[in-house]
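What follows is one structure encoded as structure tokens, with my remarks underneath.
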Amino acid sequence: MQRIVYLYMGLSIGDDSILNFNGESSVVNVGQKIWGVTVVAIKNDRVILKDDIGKFELKN
């Protein structure tokens, strides 16, 4: 499976973060599955995601 490489992290606010992918934005929270990835953790400066390949981080 090919990892989503154009996923972009916007603002992290508390337990939520804004992610952008292919021109679509969504407010996500931990445990939510979206665009083939699952949100594992949301920190002030990064979001940790998991897909079929493993975990990876998006840094703000």
Side-chain angles (χ1 to χ4, degrees):
M1 174 177 210
Q2 187 174 10
R3 177 165 282 167
I4 295 175
V5 293
Y6 296 110
L7 197 61
Y8 170 76
M9 184 186 106
L11 188 62
S12 289
I13 305 170
D15 296 332
D16 298 331
S17 183
I18 300 170
L19 298 183
N20 300 296
F21 177 64
N22 283 341
E24 183 180 342
S25 296
S26 182
V27 176
V28 297
N29 49 44
V30 174
Q32 182 175 349
K33 186 170 185 173
I34 187 166
W35 303 309
V37 298
T38 302
V39 180
V40 176
I42 297 174
K43 307 291 184 185
N44 287 339
D45 63 341
R46 67 187 184 273
V47 174
I48 302 170
L49 303 168
K50 179 176 69 170
D51 62 8
D52 291 342
I53 298 171
K55 291 182 182 178
F56 61 101
E57 292 184 1
L58 296 177
K59 295 185 179 183
N60 198 3

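One is the number of the first residue; the rest follow in order along the sequence.
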Rounded distance [0.5 Å steps], [atom1] in [X] versus [atom2] in [Y]:
X: Arg46; Y: Lys59; atom1: CZ; atom2: NZ; result: 7.0 Å
X: Ile18; Y: Ser25; atom1: CD1; atom2: OG; result: 7.0 Å
X: Leu58; Y: Ile42; atom1: CG; atom2: CD1; result: 11.0 Å

Self-check item: Non-neighbouring partners of Lys33 that pass side-chain contact (heavy atoms from CB on, under 4.5 Å), sequence neighbours left out
Solution: Thr38
Quiz item: Can you list the residues that meet the side-chain contact (heavy atoms from CB on, under 4.5 Å) rule with Gln32, with sequence neighbours excluded?
Solution: Ser26, Val28, Asn29, Ile34
Quiz item: Same cluster or not: are Val30 and Leu19 linked, directly or through other Ile, Leu, Val, Met, Phe, Trp or Tyr residues, by side-chain heavy atoms under 4.5 angstrom apart?
Solution: yes
Quiz item: Does one hydrophobic cluster hold both Ile48 and Trp35, with members joined at side-chain heavy-atom distances below 4.5 Å?
Solution: no
Quiz item: Quick one: are Lys50 and Phe56 in side-chain contact, heavy atoms under 4.5 Å?
Solution: no
Quiz item: So do the side chains of Leu49 and Val39 get within less than 4.5 Å of each other, counting heavy atoms only?
Solution: yes
Practice problem: Give a yes or no on whether the backbone of Gly54 and the side-chain of Asp51 come within a donor-acceptor separation of less than 3.5 Å. | Solution: yes
